[in-house]
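Data block below; observations after.
So that the names make sense, note that chain A is the first sequence line, chain B the second, and so on, each numbered from 1.
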Number of protein chains: 2
Amino acid sequence: MARLSFREQVLRVREDAIVSSVNRLLAEKGFDSMTVDEVAADVGIAKASLYKHFASKEALAAAAMVRVLQRALKVIEEQAAIPGASAFEQLRGVTRWTLQVQLAGEMPSLPAQNSTLRATLVGDKHYIDLVMEVSERLGQWIVQAQQDGSLTTALPAEVILYTLFARACDPVLGFLKAGNQHSDAQIVDWVLSTCLDGLAARR
Amino acid sequence: MARLSFREQVLRVREDAIVSSVNRLLAEKGFDSMTVDEVAADVGIAKASLYKHFASKEALAAAAMVRVLQRALKVIEEQAAIPGASAFEQLRGVTRWTLQVQLAGEMPSLPAQNSTLRATLVGDKHYIDLVMEVSERLGQWIVQAQQDGSLTTALPAEVILYTLFARACDPVLGFLKAGNQHSDAQIVDWVLSTCLDGLAARR
DNA sequence: GTCTATAGCCAGATAGAC
DNA sequence: GTCTATCTGGCTATAGAC
């Protein structure tokens with residue numbers, strides 16, 4: 001990778017601060033309720049300056065998604081580096097991380113229906129590439145875990161993949177946290193169990 | 001119940017048409033993307049007339065939620081009337097209905113973060129009463145199913161209740177439907193299985 | 001690239017005639 | 001209660017000076 005000039009480094013640090021704010025605000029309020037004014041105020045720069053870095057509100061959201069996907073990929077690689085870990089354990093590790101991120105208020109939440117946002121996302125090659133990379137990595141583990149008998153074969157791998165992805169926006173975490181009765185670790189364990197073990201008793 | 005005058009019946013029919021439109025638009029676009037103009041156009045009346053029936057956009061959403069909760073309660077009572085049905089089977093029946101409603105595009109979706117919307121909802125006694133009634137009915141079945149050994153006792157009843165409620169906004173249904181590869185019945189069966197049986201193999 | 005100031009638009013809500 | 005027309009505020013995005 002080419003070394004960056006000092007000026008480029010400053011730029012990158014600033015953009016990183018912007019994406020951090022966007023990420024947190026998206027997790028807190030969702031895309032529609034988040035305003036660009038808030039982002040600017042949170043970062044501590046003028047709104048017009050934001051638009052020098054990112055073309056639109058949608059582009060801000062896309063940048064936040066890219067970052068969280070990069071974090072996910074890093075976690076996947078960490079799991080892959082654990083010696084002797086089974087595919088099932090690796091999937092469980094990644095899923096646990098996803099739940100922890102959401103519970104920590106660091107998982108951006110985007111509306112599935114917003115069409116201009118979708119257009120920006122599917123037009124963002126960086127984002128699409130990351131989604132596909134994550135899907136393929138998880139998909140391989142899923143097939144492997146089905147073959148070694150630890151994941152059910154009653155469901156297509158596709159259904160399992162989507163179900164794992166959906167943990168990123170599972171509302172049960174928020175319900176339980178709102179009750180203020182349980183520790184974060186306990187909440188994560190329970191939701192992970194609902195996902196992997198299901199609600200029906202295992203005899 | 002007192003008989004309604006003709007004028008009151010007309011009013012009620014009109015409000016029912018409004019709530020139907022709101023319900024469908026909320027399912028289609030979500031609360032933030034739905035506009036009151038759209039609702040008025042869909043019903044075929046002027047926007048100002050809408051505001052004679054409902055005080056705000058939030059009140060429209062609350063009315064839609066009340067209606068879907070009334071439908072849910074009716075389904076619960078139908079399940080309760082099935083002779084010889086176990087608590088587990090009754091819970092599964094209600095959950096299946098929830099998934100079917102969502103897949104049919106009839107489940108209103110509200111943002112969990114919007115504070116003015118939440119304020120309207122918690123201030124709506126009719127809504128709150130229905131939520132509590134549904135929760136209590138399901139809660140009894142959950143405890144019963146845990147006692148008879150069909151539902152896991154590794155999770156508190158509260159966690160199971162929230163997990164069942166969350167099926168009303170499970171994004172996996174939409175993912176699978178978007179793929180256009182599977183029948184609605186197949187999709188419902190799969191998602192119901194992820195919920196009750198989990199992803200891990202059952203030996 | 002940063003700022004202040006503002007354009008332009010859109011959506012929720014209302015005025016007032018009928 | 002229904003309508004047309006309008007108000008009002010807030011939001012995205014940009015102009016233009018520095």
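Of the candidate nucleotides D/dA13, C/dT4, D/dT4, D/dT4 has the atom lying nearest to any side-chain atom of B/A46. Considering only the side chain of B/K57, C/dA13 comes nearest among D/dC3, C/dA13, D/dT12. With distances taken from any side-chain atom of B/Y51 to the nucleotides D/dT4, C/dG12, C/dC3, the minimum falls on C/dG12. With D/dT4, C/dG1, D/dT2 as the candidates, the nucleotide lying closest to the side chain of B/K52 is D/dT2. Side chain of B/S49, nearest nucleotide from D/dC3, C/dG12, D/dT14: D/dC3. Among D/dT4, C/dG1, D/dA13, the nucleotide with an atom closest to any side-chain atom of A/R7 is C/dG1. The A/S56 side chain lies nearest to D/dA13 when the options are D/dA13, C/dT2, D/dC3.
Between the A/K29 side chain and the A/T35 main chain, no donor and acceptor come within less than 3.5 Å of each other.
When rounded to the nearest whole Å, the span between CG of B/D37 and C1' of C/dT14 equals 13 Å. Regarding A/H53, its NE2 atom lies at a distance of 7 Å from the C1' atom of C/dG1, rounded to whole Å. Rounded to a whole Å, the CD atom of B/E8 is 15 Å from the C1' atom of D/dG1. Taking atom CG on B/L50 and atom P on D/dT2, their separation rounds to 9 Å, with Å as the unit. Atom pair A/I45:CD1 and C/dG1:C1' shows a separation of 10 Å (rounding to whole Å applied). B/K29 has its NZ atom 13 Å from the C1' atom of C/dC10, to the nearest Å. Atom CG of A/N114 and atom P of D/dT12 are 12 Å apart (whole Å). One can place CE of B/M34 at 16 Å from C1' of C/dC10, the figure rounded to the nearest angstrom.
At the heavy-atom level, B/R14 lies under 4.0 Å from the strands shown only through sugar-phosphate atoms.
Atom CZ of B/R14 has 12 or fewer heavy atoms from other residues, nucleotides or ligands within 6.0 Å.
Ion pair A/R137/A/E133 flagged as a salt bridge, since at least one NZ, NE, NH1 or NH2 atom sits closer than 4.0 Å to an Asp/Glu carboxylate oxygen.
Rounded to the nearest 0.5 Å, atoms CZ (A/R71) and NZ (A/K74) are 9.0 Å apart. Rounding to the nearest 0.5 angstrom, the gap separating the CG atom in A/L192 from the CD1 atom in A/I187 is 13.5 Å.
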